[in-house]
Every structure is written in structure tokens, then in C-alpha cells.
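Just so it is clear, the values below take in all heavy atoms, side chains as well, and ignore hydrogens, waters and symmetry mates. Just so it is clear, the model here is predicted, and its values are computed rather than measured. Every chain is numbered from 1 and lettered A, B, ... according to where its sequence line falls, protein lines coming before strand lines.
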There are 2 protein chains.
Amino acid sequence: MLSHKAKYALKALLYLAEQDENHISRTVEIADGANIPKKFLEQILLDLKRGRFVSSKQGKFGGYYLIKSKNDITLAEIHRLFDGAIALLPCASLNFYEPCSDCKTEDECSLRHGLMLIRDKTLKAMEGITIASLVKK
Amino acid sequence: MLSHKAKYALKALLYLAEQDENHISRTVEIADGANIPKKFLEQILLDLKRGRFVSSKQGKFGGYYLIKSKNDITLAEIHRLFDGAIALLPCASLNFYEPCSDCKTEDECSLRHGLMLIRDKTLKAMEGITIASLVKK
DNA sequence: TTTAAATCCTAGTAAATCTATAGAATTAAT
DNA sequence: ATTAATTCTATAGATTTACTAGGATTTAAA
């Protein structure tokens, strides 16, 4: 399941993607438009900025805007930024790999192989969902 | 990501599936064999019993054994039993459906449609992983 | 140069959830 | 009866989640 943070991030990106080119959106505007608690959204937008999905203009008349094409922002990326690994166990993860502490011998984790199959399919599906694909309905 | 509970459940089922027909496994035996904390495993086995994956014999010489074919126990079922919904949001879930509280109008959740596509693919993949498929490697 | 309006930053907090552990009750075989 | 197992209930401690608070910083207009 997605965390609220990840869900809000997607909705915020969706909101930004729906605005006119060159429009700058204030946090409060996004919060109202997408029904997200404002102070919580502030943090999320900062995370999205650090992740180079959006950029911001500070000070009066400042706000946020997309710097990555809505066709190139995938669900997989947002999941990784806010909720971490897509794989079901760390030992089956590409980007968040960690060995299992409870598996006897390192590469004989009985679950690993099967979970890597799942990971590949889920990842492929998640990379197919972009902000653009969500916005046009 | 899977919880430890779900991971331990899979490993316990795997252990049971590897035993001879008619063999009854004590909790401590499974715990040692699959490297799972014994008291924690007790709870997990009770959950698996309530889910009708295993059954038990009480008292001396008692223990646990599979009552569902290892070909019919899927990752999807274990995920649902221990970690709940497979979908990324409750509004996109088949078995754990709940409407989003933060979506303006009920069926205009901007994320729902895309997440249902993911759910279908992930579910299909997870139904393809059985205890039997994990045991034979 | 002051002021207003925005982002940015660091904490903190209440609630829930997760990962176990403890101990007693129950059941069955010897 | 005794022993050895499951079963049940409660709870502790740690972590995570979902926010909230308050202020510092930045920018632009008046």
C-alpha cells in the first residue's frame, strides 16, 4: 500500500501537470485543489524538489512547478522516493538491496527467486503509469 | 514490502511443504528449521490455521501440518492474510475496498484507475507464485 | 526600507502498528 | 498423574506514520 505521503505526492504532481505552462502554484493552492493538509504538503513538495521532480520560486509570488516532463514521472519513481523498495523483501530489491538476516546461507533465501519475479513484473507495470497517463482520462 | 509476519508465514509453509506426507511438525521444529522466533511463530501458525492453510493436532505429539495443497497456496493469499490489500490504495482494492476520504467526488479519484491496472498485474503475478513453485528450485 | 507573502527548516507529538515475549490454560498421550 | 504440546490473552518496547508548530529565510512590491 502507498503511504499518504506518496498518495499526496502523486495528487500534487497531478495538480501541477494540469496547470498551464509557466504557471506557478502556491502550496496552499495545491493543498486546496487536491485536498491535502497544507503543512504536510510543504514537506512533500520539498521532498519532490530534492528528488528533482519540481522546482520552486521563493518569496512573494513564489510557488512550485514541474521541471520533469509528466511523461517521464512514473509511479515507480514516486514509490521509491516516498515508500522505498518496490520488491517485497529487501533481498529481492534492486535499489534497496539488503541481505536477509534470518536466511541461513546468503544466496539460498528460499523466497528470493520468486520475489524477484514479482518485482520485475510489478516494476514494469509501475513504470508504465506516468503522471501524464493519470491526467488524461 | 512484506511484514516479517508474512515472510515467516511463507517460510513456515515452505518448511511444512518439504516434509513427508503425514508428518506433523512441532512449532519448535519449524522455528529452528526456518529460523523464526518461536513465540512469534506460534501466533503466525494460529493465523494460518484460522486461514485454513494448516491444521493442528493438540497435546503431546501434536503439531502442525498443511491442509491445503502447496500448489494452491499463493503468495497473494498469504499477503492478504497478513499484510492486507494488494492494491496500492484502498479505493483500488478488490478485497479491502474503502473509498478515499480525501477525494472530492467518489468515483473521480484521479489515481484509482491507474492503480487498478497495477493491482491487476501484480495480483496476477502473485497468484502465479505458489508454495510449490518456491519449494522446487 | 519596510512589509507582506511565500518557501524552507527543524522539532515535536499522538496514534497506530510491528515485532516480539510472558505466562497461564487447555488438550492429548503415556 | 505427568509430560509435552497447542492455544489464548495480555502486554512491552520500538518504530513508523501522519501530521502540527513555530520560526527563519527569501523575494517582490509598496
Could you give the [atom1]-to-[atom2] distance, from [X] to [N], as a whole number of Å?
X	N	atom1	atom2	result
B/Phe40	D/dT7	CZ	P	17 Å
B/Leu41	C/dA22	CG	C1'	16 Å
B/Ile44	C/dC18	CD1	C1'	11 Å
B/Leu16	D/dT6	CG	P	11 Å
A/His4	D/dT16	NE2	P	18 Å
B/Ile36	C/dT21	CD1	C1'	16 Å
B/Ile24	C/dT27	CD1	P	18 Å
A/Met1	C/dA16	CE	C1'	14 Å

Donor-acceptor pairs under 3.5 angstrom involving side-chain atoms of residues 55-63 of chain A: please list them, not counting sequence neighbours.
from    : atom 1 : to      : atom 2 : distance (Å)
A/Ser56 : OG     : A/Lys49 : NZ     : 3.0

**Asked** Salt bridge between B/Lys38 and B/Asp32, side-chain N to carboxylate O under 4.0 Å?
**Response** no
**Prompt:** So, A/Glu42 and A/Lys39, do they make that salt bridge, N to O below 4.0 Å?
**Reply:** yes
**Asked** Do the side chain of B/Gln43 and the base of C/dT21 come within less than 3.5 angstrom through a donor-acceptor pair of N or O atoms?
**Response** yes
**Message:** Within this structure, what is the OG1-CD1 distance for the pair A/Thr74 and A/Ile129, rounded to the nearest 0.5 Å?
**Reply:**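 Here the interatomic distance stands at 9.5 Å.
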**Request:** Count the heavy atoms belonging to other residues, nucleotides or ligands that lie under 6.0 Å from NZ of A/Lys121, then report whether that count exceeds 12.
**Result:**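 It does not: A/Lys121 NZ has 12 such atoms or fewer within range.
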**Item:** Phosphate contact (C/dA20 OP1 or OP2) by B/Tyr8 side-chain N/O below 4.0 Å
**Value:**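 Result: yes.
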**Request:** Start with the C-alpha gap between A/Gln19 and A/Tyr65, add the side-chain angles, then the distance that decides, and say whether side chain to side chain donor-acceptor pair (under 3.5 Å) holds.
**Result:** CA-CA 9 Å; A/Gln19 307 311 306; A/Tyr65 52 94; over 6 Å; no
Please write out each protein N/O paired with an N/O of nucleotides 1-8 of chain C under 3.5 Å, distance rounded to 0.1 Å.
from  : atom 1 : to      : atom 2 : distance (Å)
C/dA6 : OP1    : A/Arg26 : NH1    : 3.0
C/dT7 : OP1    : A/Thr27 : N      : 2.7
C/dT7 : OP1    : A/Thr27 : OG1    : 2.6
C/dT7 : OP2    : A/Thr27 : OG1    : 3.2
C/dT7 : O3'    : A/Ser56 : OG     : 3.4
C/dC8 : OP1    : A/Lys49 : NZ     : 2.4
C/dC8 : OP1    : A/Ser56 : OG     : 2.4
C/dC8 : OP2    : A/Tyr64 : OH     : 2.3
C/dC8 : N4     : A/Glu42 : OE1    : 2.9

